[in-house]
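Written out below as structure tokens is the structure these notes cover.
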Amino acid sequence: MPTAVLTDRERTAVQAYLRLLHTVRATFDAPAGPPSSPRPPIVPPAVLAEAEAALARAGLTGAEEEFFRMVRDWCPEP
């Protein structure tokens, strides 16, 4: 099945989402500190804001199915 070429805004949204996903994975993969030390937020506000803004600029808010198709096309599983 041929895939359409992403627009700059769609590509930016996909890349921002992947950065967000990698940030969350890295946070969960990091060793936990002592119980007395609080864990930082899973997603830094700036990373989440970047992804949300990129989705809005690309017109992808509320279009999750279309967006995740773009993510799969951009970064297919091996």
Side-chain angles (χ1 to χ4, degrees):
M1 174 173 126
T3 59
V5 176
L6 299 179
T7 67
D8 287 343
R9 288 183 175 183
E10 290 170 340
R11 187 174 28 264
T12 298
V14 168
Q15 290 170 333
Y17 171 78
L18 291 173
R19 279 192 293 280
L20 175 63
L21 182 62
H22 292 174
T23 299
V24 171
R25 283 183 178 166
T27 300
F28 281 122
D29 288 345
S36 61
S37 69
R39 193 164 209 165
I42 290 177
V43 179
V47 174
L48 186 56
E50 175 197 19
E52 288 177 346
L55 287 169
R57 280 192 304 273
L60 294 168
T61 52
E64 290 82 4
E65 185 176 331
E66 179 183 350
F67 175 68
F68 285 117
R69 178 192 51 77
M70 288 180 206
V71 172
R72 280 191 306 274
D73 290 349
W74 179 267
C75 189
E77 293 184 31

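Atom CG of Leu48 sits about 13.0 Å away from atom CZ of Arg19, to the nearest 0.5 Å. Atoms OH and NE2, from Tyr17 and His22 in turn, are 9.5 Å apart once rounded to the nearest 0.5 Å.
Residues Arg57 and Arg9 share a closest heavy-atom pair of O-CD, 3.3 Å. When every heavy atom of Ala16 is checked against every heavy atom of Ala51, the shortest pair comes out as CB-CA, 3.8 Å.
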